Amino acid sequence: MLRLFYFVAGVLSFLNGGWMLVSPMSWYEKFPAGIPHTGPFNAHFIRDLGIVYLIVALTFVWMSRNIRSARVVHFALTLFFVGHALLHLMDIVSGGLPHTHWLIDLPGVFLPALLMAVLAVRSVRERLS
């Protein structure tokens, strides 16, 4: 089950990162997460993050193939996802993002961070491995 989760997360991260690199304006305008609420369009910055997501994708795929060695790498990715979620949380609470982002960010920001954190717990990982 954990292998499948890592592989699917890798594919989704690859698609997201690839879209960011190939067509940053399309990603900015059409990604279903209210991206324009976060600030003005910046193609260079979006492409920078596209590279990050391609690295995340490769890491997830590596973890799917090396499940027994993936725990430390999983922890590092968890820091990325939880940090991203905390940044969104701070922006929503402070008024930097509209309160509608509680729901907008739920599937793509908050749930992945929560899932990665739960999967970092040894007992959960052992049951799913």
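In this text the structure is predicted, and so the values were computed from the model without any measurement. Throughout, residue positions are numbered sequentially from 1 according to the sequence presented.
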side-chain contact (heavy atoms from CB on, under 4.5 Å) assessment of His74 paired with Tyr6 | CA-CA 10 Å; His74 178 102; Tyr6 285 149; 2.7 Å; yes

Stepwise side-chain contact (heavy atoms from CB on, under 4.5 Å) check, His101 with Ile104 = CA-CA 4 Å; His101 270 264; Ile104 292 170; 4.0 Å; yes

side-chain contact (heavy atoms from CB on, under 4.5 Å) assessment of Phe81 paired with Leu115 | CA-CA 10 Å; Phe81 282 98; Leu115 188 54; over 6 Å; no

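No continuous path of hydrophobic side-chain contacts links Leu12 to Leu119 [ILVMFWY only; heavy atoms under 4.5 Å]. Residues Met25 and Tyr53 share a single hydrophobic cluster, defined by chaining ILVMFWY side chains whose heavy atoms lie under 4.5 Å apart. Follow the hydrophobic side-chain contacts under 4.5 Å out from Leu2 and you reach Met116 in the same cluster. The hydrophobic cluster containing Ile67 does not contain Leu4, counting ILVMFWY residues as joined when their side-chain heavy atoms lie under 4.5 angstrom apart, directly or transitively.
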Side-chain donor/acceptor pairs under 3.5 Å, residues 55-65, sequence neighbours excluded:
| residue | atom | partner | partner atom | Å |
| --- | --- | --- | --- | --- |
| Thr59 | OG1 | Ile55 | O | 2.7 |
| Ser64 | OG | Val61 | O | 2.7 |

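The environment of Phe7 atom CZ is sparse: at most 12 non-hydrogen atoms of other residues, nucleotides or ligands sit within 6.0 angstrom. The number of heavy atoms from other shown groups lying within 6.0 Å of CZ (Phe14) does not exceed 12.
Scanning for side-chain contact (heavy atoms from CB on, under 4.5 Å) contacts around Val72 gives an empty result, with sequence neighbours left out. Every ring pair (Phe, Tyr, Trp, His ring centres under 6.0 Å) that Tyr28 has, sequence neighbours left out, goes to Phe41. Applying the side-chain contact (heavy atoms from CB on, under 4.5 Å) test to Val118 and every residue at least two apart in sequence or in another chain returns Leu114, Val124. For Phe45, there are no ring pair (Phe, Tyr, Trp, His ring centres under 6.0 Å) partners two or more places apart in sequence or in a different chain. Looking at residues two or more places apart in sequence or on another chain, you find a side-chain contact (heavy atoms from CB on, under 4.5 Å) between Arg71 and Arg122, Arg125. Legend: residues meeting side-chain contact (heavy atoms from CB on, under 4.5 Å) with Pro107, ordered by chain and number and at least two apart, are absent. For Ser13, the side-chain hydrogen bond (donor to acceptor under 3.5 Å, both in side chains) criterion is met by no residue, not counting sequence neighbours.
To the nearest 0.5 Å, the span separating CD1 on Ile35 from CD on Glu29 amounts to 11.5 Å. For the atom pair CG (Leu21) and CG (Leu54), the distance works out to 5.0 Å, reported to the nearest 0.5 Å.
Side-chain heavy-atom separations under 4.5 angstrom define the hydrophobic clusters, and Leu103 shares its cluster with no other residue. By the 4.5 Å side-chain criterion applied to Ile, Leu, Val, Met, Phe, Trp and Tyr, Leu111 is assigned to a cluster that also includes Val82, Leu86, Leu89, Ile92, Val93, Leu97, Trp102, Leu106, Val109, Phe110.
Every pair passing side-chain hydrogen bond (donor to acceptor under 3.5 Å, both in side chains) that includes a residue from residues 82-91 is listed here, sequence neighbours excluded: His84-His88, His88-Asp105. Residue pairs meeting the side-chain hydrogen bond (donor to acceptor under 3.5 Å, both in side chains) criterion with at least one member in residues 39-52, sequence neighbours excluded, are His44-Asp48.
Side-chain contact between Trp27 and Asn16: present, with at least one pair of heavy atoms (C-beta onward) separated by less than 4.5 Å.
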